[in-house]
Amino acid sequence: MSALVEFNNVTYTYARSTKPAIEDISFSIEPGEFVALIGPSGAGKSTLCYCFNGSIPQLFNGSMSGNLNIAGCDPFEDDIPVLAQHVGLVVQNARTQLFNVTVIQEVGFGCENLGLPRPVILERVKQALDFVGLSGLEEREPTALSGGQQQRLAIACVLAMDPEILVLDEPTSELDPIGAEQVMDVIARMNQELGKTILLVTHDMEFVTKYASRVMLLNDRRLIMDGTPQEIFSKVELLAQSRIRPPQVCEVAEGLRQLGYRLDPLPVTLDDMVQSLKVLRHG
Ligand SMILES: Nc1ncnc2c1ncn2[C@@H]1O[C@H](COP(=O)(O)OP(=O)(O)O)[C@@H](O)[C@H]1O
Ligand SMILES: [Mg+2]
């Protein structure tokens with residue numbers, strides 16, 4: 001059985017660019033994983049996201065090599081509406097791209113493009129709005145919603161198409177802390193309750209340790225680390241080279257390690273840290 005997502009030696013160069021935006025990327029993702037994709041600006045994170053739904057190579061005029069399997073589809077060959085049934089991509093700044101007059105039309109738009117029957121569309125729209133906590137706002141204008149509501153609306157739009165995989169590119173970067181938590185709660189529940197496979201691009205390392213079971217680090221167009229949060233956040237020097245600051249808990253834990261305290265595995269959340277310290281104390 002092959003993995004749900006496979007990238008094999010994928011390299012992509014935008015039209016008129018002299019060097020690739022992502023280079024020789026290989027990894028696979030199993031169903032139900034929650035993967036965080038981290039890395040500095042310009043590393044190639046958004047480019048990688050566009051490979052999931054066929055936007056790259058089909059909508060951008062660049063050059064691509066390698067091969068890909070996205071839920072049994074080939075983004076080189078299969079049409080974008082076919083891919084959209086397997087992968088929902090919430091692009092960076094998605095909320096600035098809402099264009100319908102009402103919330104209900106916005107969420108129904110993708111399903112209409114799939115040619116689904118009207119009663120099915122209405123049911124899916126209802127369920128998606130309910131799931132993201134926007135029930136009751138069906139007739140509101142998307143642009144009149146708060147930033148966090150708009151981001152949850154953008155998620156509902158792809159969720160209504162019922163894909164196995166959701167790719168979310170910096171969905172919380174422009175939100176206040178409460179709005180960001182609400183969006184992260186929706187993403188976590190899509191994984192835990194609906195069994196969706198998640199690829200989340202984020203600069204928020206606290207969210208990474210709280211929600212992700214695996215972290216991929218992209219720097220200077222290459223995938224340079226791929227592992228559990230414990231593995232990734234203990235590589236302090238590599239992270240610093242990628243201009244990534246680990247969660248504060250990890251920094252404290254690394255400091256304690258250097259003083260000779262045996263913290264293994266590295267605690268990455270506050271709860272882990274409290275547990276580790278209890279064990280150390282009682283020995
Ligand atoms: N549409 C585009 N055309 C040409 N170059 C692009 C385009 N989009 C991004 N790039 C370049 O590709 C590289 C990776 O960008 P991007 O994938 O947006 O990185 P990230 O999302 O990690 O910030 C950067 O050097 C960026 O300037
Ligand atoms: Mg980006």
Side-chain angles (χ1 to χ4, degrees), residues 1-39 41-94 97 109-116 154-155 157-171 190 195-201 214-226:
M1 211 14 229
S2 56
L4 182 62
V5 172
E6 287 171 299
F7 277 60
N8 293 310
N9 310 107
V10 173
T11 295
Y12 181 76
T13 308
Y14 285 100
R16 291 185 296 280
S17 288
T18 48
K19 63 174 190 181
I22 50 172
E23 190 166 359
D24 199 23
I25 303 281
S26 297
F27 64 88
S28 57
I29 299 177
E30 300 296 328
E33 281 197 272
F34 191 132
V35 182
L37 177 62
I38 64 173
S41 289
K45 303 181 298 299
S46 295
T47 304
L48 190 64
C49 292
Y50 284 125
C51 297
F52 274 77
N53 76 339
S55 296
I56 287 178
Q58 298 187 34
L59 299 182
F60 292 83
N61 287 325
S63 62
M64 191 174 193
S65 62
N67 55 66
L68 284 151
N69 163 25
I70 308 284
C73 298
D74 181 349
F76 282 97
E77 303 271 330
D78 293 308
D79 291 339
I80 286 183
V82 172
L83 278 150
Q85 295 171 57
H86 298 278
V87 187
L89 170 61
V90 178
V91 297
Q92 203 168 340
N93 304 321
Q97 295 174 15
F109 185 79
C111 293
E112 276 167 21
N113 282 346
L114 295 182
L116 295 171
I155 294 173
C157 290
V158 293
L159 185 59
M161 291 195 264
D162 198 23
E164 301 102 291
I165 307 164
L166 283 117
V167 178
L168 304 116
D169 194 357
E170 300 196 31
M190 290 196 297
K196 306 290 185 196
T197 301
I198 307 284
L199 181 82
L200 169 72
V201 178
R214 173 174 165 196
V215 184
M216 299 198 302
L217 171 62
L218 205 59
N219 189 17
D220 197 14
R221 56 192 193 271
R222 288 174 178 273
L223 188 57
I224 59 168
M225 281 202 264
D226 184 351

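Numbering of residues begins at 1 and proceeds along the displayed sequence.
- In terms of heavy atoms, P75 sits closest to C51 at CG-O, 3.7 Å.
- Across every non-hydrogen atom of G44 and L218, the tightest pair is C-CD2, 3.4 Å.
- Residues forming a side-chain contact (heavy atoms from CB on, under 4.5 Å) with S26 (at least two apart in sequence, or on another chain): N9.
- With sequence neighbours left out, the ring-ring contact (aromatic ring centres under 6.0 Å, His included) criterion links F34 to no other residue.
- Here the straight-line distance linking atom OG of S28 with atom CD of E33 works out to 7.5 Å at 0.5 Å rounding.
- The side-chain contact (heavy atoms from CB on, under 4.5 Å) search around D220 returns none, not counting sequence neighbours.
- Atoms CG and OH, on N61 and Y14 in that order, are 12.0 Å from each other to the nearest 0.5 Å.
- Under the side-chain contact (heavy atoms from CB on, under 4.5 Å) test applied with K45, the options L37, I22, L199 reduce to a single match, L37.
- Judged as a side-chain contact (heavy atoms from CB on, under 4.5 Å), and not counting sequence neighbours, the contacts of V158 are V90, L166.
- Here salt bridge (charged side-chain N to carboxylate O under 4.0 Å, His left out) pairs that include residues 12-28, with residues two or more places apart or in two chains, are E23-R221, E23-R222.
- Residues L59 and I80 share a closest heavy-atom pair of CG-CD1, 3.6 Å.
- Within the 4.5 Å cutoff, side-chain heavy atoms of M190 are placed close to those of I155.
- Under the rule for a ring-ring contact (aromatic ring centres under 6.0 Å, His included), F76 has no partner lying at least two apart in sequence or in another chain.
- Under the 4.5 Å side-chain criterion, counting only non-hydrogen atoms from C-beta, R214 is in contact with D226.
- Contacts of D162 classified as salt bridge (charged side-chain N to carboxylate O under 4.0 Å, His left out), with partners at least two apart in sequence or in another chain: K196.
- Residue pairs meeting the side chain to side chain donor-acceptor pair (under 3.5 Å) criterion with at least one partner in residues 48-57, sequence neighbours excluded, are N53-S55.
- Between G39 and L217, the closest heavy-atom pair is CA-CD1, 3.8 Å.
- Contacts of N67 classified as side chain to side chain donor-acceptor pair (under 3.5 Å), with partners at least two apart in sequence or in another chain: N8.
- Considering only residues two or more places apart in sequence or on other chains, E6 meets the salt bridge (charged side-chain N to carboxylate O under 4.0 Å, His left out) condition with none of them.
- A 4.5 Å side-chain heavy-atom check between N113 and P81 finds every atom pair outside the cut-off.
- In this structure, CE in M225 is found 7.0 Å from CD1 in I38, a value given to the nearest 0.5 Å.
- Rounded to the nearest 0.5 Å, atoms CD1 (I165) and CG (L89) are 11.5 Å apart.
- S46 and Q92 get closest at one heavy-atom pair: OG-OE1, 2.7 Å.
- Residue pairs meeting the salt bridge (charged side-chain N to carboxylate O under 4.0 Å, His left out) criterion with at least one partner in residues 66-82, sequence neighbours excluded, are absent.
- Nearest heavy-atom pair across F52 and I70 is O-CG2, 3.6 Å.
- Taking SG of C73 as the start and CG of L83 as the end, the distance is 4.5 Å to the nearest 0.5 Å.
- With sequence neighbours left out, the side-chain contact (heavy atoms from CB on, under 4.5 Å) criterion links Q85 to L114.
- The side-chain contact (heavy atoms from CB on, under 4.5 Å) test with T197 singles out one residue from V87, V35, I29, and that residue is I29.
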Derivation of the side-chain contact (heavy atoms from CB on, under 4.5 Å) call for L48 and F7 | CA-CA 10 Å; L48 190 64; F7 277 60; 3.4 Å; yes
